[in-house]
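Treat the numbers as computed from the prediction; the structure is a model and nothing was measured.
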There are 2 protein chains.
Amino acid sequence: MARNVRQSKILELISLNEIETQEDLVSKLRASKFDVTQATISRDIKELGLIKILSNESGRYKYSLAEATSHTSNKYIYLLKESVISIKTVKIVIVLAK
Amino acid sequence: MARNVRQSKILELISLNEIETQEDLVSKLRASKFDVTQATISRDIKELGLIKILSNESGRYKYSLAEATSHTSNKYIYLLKESVISIKTVKIVIVLAK
DNA sequence: GATGAATAGAAATTCAAC
DNA sequence: GTTGAATTTCTATTCATC
């Protein structure tokens, strides 16, 4: 399912990068061969429950994983299980467990 | 300091209500006699490090206190100390400690 | 430094198409 | 059910003003 692969890629991207806007995310996804628009990313972000927070480093807004709840963790874990995950994505699980 | 009083009122309002937009917050602040515009609220939100998250009840976005960090907690506690705080606002501290 | 009016910029939704 | 183009809605910033 392409949508799940894309969403797990989004989790990876926001974990490893400072993503300031949805357009940033679109660019990075396109660089990874995901042909997608801002409208879809907006929906993905809502489904993943991602939040925009202030980055300590830059003082600017960036996307972040939501504060862990059973709902969001289950969603993340499901996506990671469903997709072919690189070692980078495994690191996300570690981040979640912090 | 009017700004701090307003910001602690904001903490109270988002803790006790589902605030979906900055305009919502402006309305509620005006109802509480804070004469303020969206531009100022945008700045307050950034300074307080507030985030927009999905509400479990409504499935819609609402403003929320940030995940606790020493920085944000200190900021909240400072504001609560500085201002004349109602019993309602004391409840916010309890929420933060959860 | 704090703020508002206006504007630019970003994000959510609509509406159609698939 | 998923998506994109266009649009609406919402938010951040600019540029004055105090």
Just the rounded figure in Å: distance from [atom2] of [N] to [atom1] of [X].
| X | N | atom1 | atom2 | value |
| --- | --- | --- | --- | --- |
| B:Arg3 | C:dG4 | CZ | P | 13 Å |
| B:Lys62 | C:dA11 | NZ | P | 21 Å |
| B:Asp24 | C:dA12 | CG | P | 15 Å |
| B:Ile41 | D:dT13 | CD1 | C1' | 16 Å |
| B:Leu25 | D:dT9 | CG | P | 20 Å |
| A:Tyr61 | C:dA8 | OH | C1' | 16 Å |
| A:Glu20 | D:dA12 | CD | C1' | 12 Å |
| B:Glu23 | C:dA5 | CD | P | 11 Å |

Side chain proximity check, [X] to [Y], heavy atoms < 4.5 angstrom:
| X | Y | answer |
| --- | --- | --- |
| A:Tyr63 | A:Ile51 | no |
| B:Leu50 | B:Leu11 | yes |
| B:Arg43 | B:Lys46 | no |
| A:Asp24 | A:Lys28 | no |
| A:Lys62 | A:Ile53 | yes |
| A:Gln22 | A:Thr37 | no |

- Task: Check whether any side-chain N or O of B:Ser42 sits under 3.5 Å from a backbone N or O of B:Gln38 as a donor-acceptor pair, and report yes or no.
- Result: no
- Message: Could you check whether any side-chain N or O of B:Lys52 sits under 3.5 Å from a backbone N or O of B:Glu20, counting only pairs where one atom can act as donor and the other as acceptor?
- Response: yes
For [N], take OP1 and OP2 only and decide whether either is under 4.0 Å from a side-chain N or O of [X].
| X | N | answer |
| --- | --- | --- |
| A:Tyr63 | C:dA11 | yes |
| A:Arg60 | D:dA12 | no |
| B:Gln22 | D:dT9 | no |
| A:Arg6 | D:dT2 | no |
| B:Ser42 | D:dA12 | yes |
| A:Lys52 | D:dT11 | no |
| A:Thr40 | D:dG4 | yes |
| B:Lys46 | D:dT13 | yes |

- Message: Applying a 4.0 Å non-hydrogen cut-off, can you work out what A:Asp44 is touching in the nucleic acid: base, sugar-phosphate, or nothing?
- Response: nothing
- Query: How would you label the contact of A:Asp35 with the nucleic acid (heavy atoms, under 4.0 Å): base, sugar-phosphate, or nothing?
  - Reply: sugar-phosphate
- Note on the structure: Exactly one of A:Ile19, A:Val36, A:Leu29 clears side-chain contact (heavy atoms from CB on, under 4.5 Å) with A:Ile10, and that residue is A:Leu29
- Enter the inter-axis angle for the ends of the helix from C:dG1-D:dC18 to C:dC18-D:dG1 (five pairs per end, rounded to 10°). 30°
Polar atom pairs (N or O), protein with nucleotides 14-18 of chain D, under 3.5 Å:
unit_1, atom_1, unit_2, atom_2, d
D:dT14, O4, B:Arg43, NH2, 2.6

- Would you kindly check whether a donor in the side chain of B:Gln38 faces an acceptor in the base of D:dA12, or vice versa, at under 3.5 angstrom? yes
- Message: Rounded at 0.5 Å granularity, tell me how far CD1 in B:Ile45 sits from OH in A:Tyr61.
- Response: 7.0 Å
